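Counting begins at 1 with the first residue of the sequence. None of these values were measured; they are calculated from a predicted model.
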Amino acid sequence: MARPERPIDPHASPVAAFASDLRELRRAAGGPSYRAMATRARYSPSVLSTATSGGGLPTLAVTLAFVEACGGDRDEWEQRWRRLAVATDGRYAGGDPVPRHVLPVPMQLPAGPARFTGRAAVLDRLTELDAPAGVTGPAPTLLHGAVGTGKSACAVRWAATHRTRYPDGVLYADLRDVDPDETGGVLAELLRSVGAPDCGSLAELGRTLRSVLAQRRLLVVLDNVCGEAQVRPLLGEAPGSRMLLTSRSRLLGLDGVERVPVGRLPPAESLALLRALLGGERVDAAPAAAAEVAELCDHLPLALRIAAARAAPPGWTLEQAAARLRDPRRRLAELRAGDTDLRARLADAAAAFTALERTRAVLCALAADRPPPTEGALPADRPSPTDGALPADRPATAGGAAPDGEAEAAMEALVDAGLAEPDGGPGRYALPSLVRLFLAEDRAAGPAPVNGAINDGALRAPP
């Protein structure tokens with residue numbers, strides 16, 4: 001026969017009241033033995049018993065396992081636990097905080113881009129959203145934008161600047177090539193780095209990570225998120241911790257996320273970046289060429305960094321760089337330095353987009369407005385689709401029309417693929433000239449029915 005539990009006074013402290021309520025939950029479930037509960041909870045009887053001792057706050061994982069074993073409301077108890085964790089400064093069973101010196105303190109940020117400049121508005125917004133938000137902590141924050149806008153650079157820059165706010169460490173994972181089914185492996189790596197259990201189902205791993213975030217002060221940067229399914233198991237309230245995401249997509253399927261758009265650089269910041277990368281003297285000596293390089297690079301930080309890297313060797317001038325970029329037949333080829341290739345990034349985005357069969361019609365129509373260039377087949381006197389020379393009164397339709405709703409959905413898919421940007425209001429979208437050139441080079445694209453219009457780089461969905 002099991003020994004009776006030591007009486008506790010629920011009025012002695014908030015932790016004692018919490019333990020008393022756990023005991024009451026067990027009694028309401030018929031008073032199962034801790035041994036019987038252990039089979040369902042997958043924690044030992046002694047761990048479950050200690051959770052109701054009142055000597056300290058049990059971990060969130062143990063609390064939720066106890067509640068589930070008794071048929072309680074998981075969400076209700078999780079909220080109660082989080083409120084109490086803040087009030088007790090994270091004291092766990094045994095009455096003392098987990099000693100900080102025995103826990104790993106990871107610092108996993110990759111090196112940020114050299115000579116980062118600009119983006120004050122984005123960085124300030126990230127700081128503003130990091131302000132205390134009560135017991136729930138700051139909401140997960142998503143930096144989103146088109147290919148090459150520097151979302152990752154902004155996230156890494158902010159995290160490196162503010163890492164001291166998170167004394168328990170900074171976690172980082174690049175999800176670019178991670179299938180949603182492989183998210184468990186990424187979670188396990190993150191948990192190992194903070195000394196937490198790293199086994200179980202995806203749901204269990206997600207709960208463990210959320211528990212760790214609630215118990216410690218950690219910053220987690222999840223870079224290049226491809227879809228909601230990759231990160232949904234990780235999101236939750238985490239007082240004292242912060243989760244920062246980057247993605248081409250707005251991840252509209254996620255609730256409770258603060259979204260911060262990252263667009264192309266203003267012209268002044270483009271020139272400031274070129275000055276930082278090439279030196280002020282070189283830019284000041286050729287201001288017109290520098291401005292042209294910035295324009296031909298679409299004011300995209302990635303393209304500007306590649307162009308600067310190619311123009312950096314001695315003997316190269318900005319005038320030469322501008323002349324090589326000016327030729328639409330070689331522009332994308334010029335925007336490659338080592339293993340950093342703008343065309344490859346655009347192809348990756350287009351592959352994700354064209355997986356949607358119906359919306360591929362948009363890509364086909366955009367490319368079909370002018371025949372794609374082929375080897376030696378683009379006359380020198382015929383403007384390319386990137387030159388802003390499309391007549392404003394000529395629509396880019398290619399036989400027939402998609403239903404208006406499908407056309408609008410296709411444009412939105414282009415935005416979330418990182419190939420287009422919202423432009424000034426509902427139903428209006430901007431298509432960067434480098435994207436237009438890439439689409440014109442896509443020889444697989446051909447005429448397809450779609451409604452819409454292209455006017456000097458702007459798309460307009462049907463009203």
Are [X] and [Y] side-chain neighbours, meaning at least one heavy-atom pair lies under 4.5 Å?
X	Y	value
L439	L431	yes
L318	L278	yes
L245	V220	no
L302	T340	yes
V194	P106	yes
V231	L175	yes
L129	P138	no
V262	R119	yes

All heavy atoms of L274 vs all of A308, minimum pair found to be CD2-CB, 4.3 Å
Heavy-atom nearest pair, L335 first then C297, reads CD2-SG, 4.1 Å
S193 and Q108: side-chain hydrogen bond (donor to acceptor under 3.5 Å, both in side chains), yes or no, with the steps? CA-CA 9 Å; S193 69; Q108 299 178 347; 3.3 Å; yes
How about R80: does its CZ atom have over 12 heavy atoms from other parts shown lying under 6.0 Å from it? yes
M243: which of V221, T141, L213, L218 passes side-chain contact (heavy atoms from CB on, under 4.5 Å): L213
Single hit among R326, R330, R331 for side-chain contact (heavy atoms from CB on, under 4.5 Å) with P328: R331
Which residues pass the side chain to side chain contact (heavy atoms under 4.5 Å, CB included) test with [X], not counting sequence neighbours?
X	value
P110	V156, Y172
L205	L187, L191
L332	L342, R343, L346, L434, L437, F438, E441
T164	none

Quick test of your reading of the model: are [X] and [Y] salt-bridged, counting only N-O distances below 4.0 Å?
X	Y	result
D348	R248	yes
E421	R264	yes
E228	R232	no
D416	R250	yes
D130	R165	yes
E128	R125	yes

How far apart are the C-alpha atoms of H144 and S247, what are their side-chain angles, what is the distance that settles it, and do they pass the side-chain hydrogen bond (donor to acceptor under 3.5 Å, both in side chains) test? CA-CA 5 Å; H144 64 90; S247 179; over 6 Å; no
Could you pull out every donor-acceptor pair under 3.5 Å between side chains of residues 282-291 and any protein atom, sequence neighbours left out?
unit_1 : atom_1 : unit_2 : atom_2 : d
R282   : NH1    : A311   : O      : 3.2
R282   : NH2    : A311   : O      : 2.9
R282   : NH2    : W316   : O      : 2.8
D284   : OD1    : R275   : NH1    : 2.4
D284   : OD2    : R275   : NH1    : 3.1

Report the C-alpha separation of D168 and R217 in whole Å, then their side-chain angles, then the decisive distance to 0.1 Å, and conclude whether the salt bridge (Lys or Arg N to Asp or Glu O under 4.0 Å) test is met. CA-CA 5 Å; D168 293 325; R217 296 176 62 188; over 6 Å; no
Give the C-alpha distance, both sets of side-chain angles, the deciding distance and a yes or no for side chain to side chain contact (heavy atoms under 4.5 Å, CB included) between R157 and L123. CA-CA 8 Å; R157 177 71 170 191; L123 299 176; 4.3 Å; yes
Residues passing the ring pair (Phe, Tyr, Trp, His ring centres under 6.0 Å) test with H162, sequence neighbours excluded, are W158
For side chain to side chain contact (heavy atoms under 4.5 Å, CB included), just list the numbers for C226 and V178, CA-CA rounded to whole Å, side-chain angles, deciding distance to a tenth of an Å, and then say yes or no. CA-CA 8 Å; C226 299; V178 178; over 6 Å; no
